[in-house]
Amino acid sequence: MTAQLQFRDVTLGYDRHPAVHHLSGEIAAGSLLAIVGPNGAGKSTLFRGIVGILKPLAGSIGLGSLNVRDIAYLPQTADIDRSFPISVFDFVGTGLWRATGLFGGMGKEAQHKIAQALAAVGLSGFENRTIGTLSGGQMQRMLFARVLLQDARVIVLDEPFNAIDAKTSADLIGLVRRWHDEKRTVLAALHDMDLVRDNFPETLLLARTPVAWGATSQVLTAENLSEARRMCEAFDDDAHTCAVDAAPSRAA
Amino acid sequence: MLLYDALIAPFTDFEFMRRALAGVVALALGGAPIGVFLMLRRMSLVGDAMAHAILPGAAVGFLLSGLNLFAMTFGGLIAGFTVAILAGVVSRTTELKEDASLAAFYLVSLALGVTIVSMKGTNIDLLHVLFGNILAMDDQTLLVIAFNATITLIVLAVIYRPLVIECVDPVFLRTVSRAGAPAHLAFLALVVINLVNGFHALGTLLAVGLMILPAGIARFWSRDITGMMMIAVASAMLSGYAGLVLSFQTKVPSGPAIILVAAVLYIVSVLFGSTGGVVRKLFPGRHLEA
C-alpha cells in the first residue's frame, strides 16, 4: 500500500497556539481511518489542515500526487445558508464541480448521476424541494449525496453522525463502507466508540498530541482513552515557544 | 383615449421621455439581478454603504472637470472599487466581517470626499450628483448606462455558478475551486458599476433603490433564484415606467417618483405576496394531511 497522506511532524493551530501538536505518520491509500478524541482534541483542526483551509504552523502535510481540491470534505458544522433559494437537485449537483467547472453543461448523464446519488442516500422525490425545507437528517443525507458525486480519492468526514438518528447513520455508514470497498481513502472524526469498533479497522486517538494510532482494537483501550481525557483543553496565553520547534533552529 | 394620453402619449410626444424610459429599462436589466444577490447574501445595506462611498469620487470628478459625464463616472468607479476591494481583502484576510470592514472604509471615503468638496467650494450643480436627473439624459449618458448594463449581464453569466455556490456553501467552494474570491470581487465590482449607473438617473442617494426594492418584491413571489431575478427585473421596469408617467403628470421629481412606485409595489408584495406574504401567514388555511 502506498501512502496517500503523510504527516511530517505537523503542528496546526490558531494564533500560534497549537491545536494539533507534532503529528507524524502516514495514511495508506484505501484506508478507513477513524479519528477519535475528546472535544477540543484537534480533530477538526487536523481536517482543516488536510484540505488546505488551515496552513500548518510547522511541519507539513504531504498529499503525494493528489490535488488538494480532489479531497471531498464534509465539515462538522457546514456553513450553509439554508435560507438560500436553491433546490436539492441543484445543490447536490454542485458536487460535480470538478467535472463541469464554470460553464460545463449538465447533460443527461450528469442529471442521471445526480438522480442516482439522491437515490443512494434515500432522498428520491426531494429533487425540487428547497434546501431550507429539509430536516437535520435529510440535510446530512443530502451532503453525503454531494460527497458521492465528488467522486474523490480521499473523503474527509468531520463528525458526520452527530445529531443523526440510528436509521440515518446506519444508511450513511453503509455509504462509507461502499467508499471503502471502492478503495477510496476515508477519514472520519467520530465519538461513538461502538460504531468505530464495528466499522473502522484503523483508529487515530488524538488529544492535541497523538495518543495512539493503529489497529482499532489496540488503540481504543481503557488506558489510552483515560490518557486522552487528561489532555489540557485550555490554551496557555503565557506558554513558552515550543522547545521541540526551537531545537532545529538553534542547530541551523 | 384618456388612458392613451396618460400612459402612452408622453413617450410618443417627447423624446426626453423615450430616452428616460430606455435608461430605466437598462438600469432594471443590470441592477435588479445584482439586487437579488445583494439581498440573498444579506448585503442590502452594503449596497447602500457603497452608494455613499461612490459619492465623494463622483464629487471629486465633478470638481476637477465640471459636469463631465466621464470624469464623474470614472471618479465614482475608482472610489467605489477602492472601497469594495479594500473591504473585501480585509474581511477575507482578517477576522473582521465584511459589513464592519466596509463600514469603516466607506466612512473614510465619505469623510475624505466631503473634505475635498469643502476645500474646493460647493456648487449648486452638485445637486445633480446627489439626486440625479433621468429626464435630462443625453445620448452619451444613455450609452454609458446601456454599456454598463450589458457588461453586468455578461459578467454575471460568467460568475453565476461560483457566485451561487459561494452564497450557499462558501467552505465547499473553497475546497473544490479557487473561483470563490475572484467571483466575489467581480460581484462587488458589478455592484459598484450599477450604483454608478444608478446615480446618473436617480442620484447617489437613491441609486441603490432600483436594486434593492425590486429584489425585496421578488422574494415575496418566487422561491427560486431564476424566478426572483425575472420578477425583480420586471418590477424594476414597471416601477421605472410608472414612475416616469407619475413624474410627467404631476410635479414629483422623476427619481423619487420611480422609487415611490417601487415602494408601493414592495408594500403590496409584503402584504399579499404568494410566498411568505403577511396575509398568507395570517390566514394560511387548514393544514394538509402530509
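Letters go in sequence order (proteins before strands), and every chain restarts at 1.
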Chain B contact via [X] - which portion, at a heavy-atom distance below 4.5 Å:
X: Ser87(A); answer: neither
X: Arg146(A); answer: side chain
X: Ile131(A); answer: side chain
X: Thr94(A); answer: both

Q | Test: Arg280(B) cationic atom under 6.0 Å from Phe272(B) six-membered ring centre, within 45° of axis | A |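 Arg280(B) over Phe272(B) ring: no.
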Q: Tell me yes or no: between the side chains of Ser60(A) and Arg8(A), is some donor less than 3.5 Å from an acceptor?
A: yes
Q. Looking only at side chains, do Ser235(B) and Tyr266(B) share a donor and an acceptor under 3.5 Å apart?
A. no
Q.
I'd like to verify something: which residue of Ile159(B), Asp224(B), Val158(B), Val164(B) has the highest number of heavy-atom pairs under 4.5 Å with chain A?
A.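 Heavy-atom pairs under 4.5 Å are most numerous for Val158(B).
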Q | Option in Leu173(B), Leu40(B), Val171(B) with maximal non-hydrogen atom pairs under 4.5 Å from chain A | A |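 The answer is Leu40(B).
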Q.
Under 4.5 Å from any heavy atom of chain A, what part of Ile225(B) do you find: side chain, backbone, both or neither?
A.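 Both parts, heavy atoms under 4.5 Å.
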Q. So what's closer than 4.5 Å to chain A heavy atoms on Arg41(B): side chain, backbone, both or neither?
A. neither
Q) If you count heavy-atom pairs under 4.5 Å with chain B, which of Asn67(A), Asp70(A), Thr100(A) comes out on top? A)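 Looking at each option in turn, the highest pair count goes to Thr100(A).
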Q: Can you establish whether the number of heavy atoms outside Arg174(B) located under 6.0 Å from its atom CZ is more than 12?
A: no
Q. Does the pair Asp151(A)/Arg184(A) count as a salt bridge with the N-to-O cut at 4.0 Å?
A. yes
Q) With the threshold set at 4.0 Å, does a side-chain nitrogen-carboxylate oxygen contact exist between Arg48(A) and Asp158(A)? A) no
Q: Would you give the length of the straight line joining atom CD1 of Ile165(B) to atom CZ of Phe172(B), rounded to the nearest 0.5 angstrom?
A: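 Nearest 0.5 Å value for the CD1-CZ distance: 6.0 Å.
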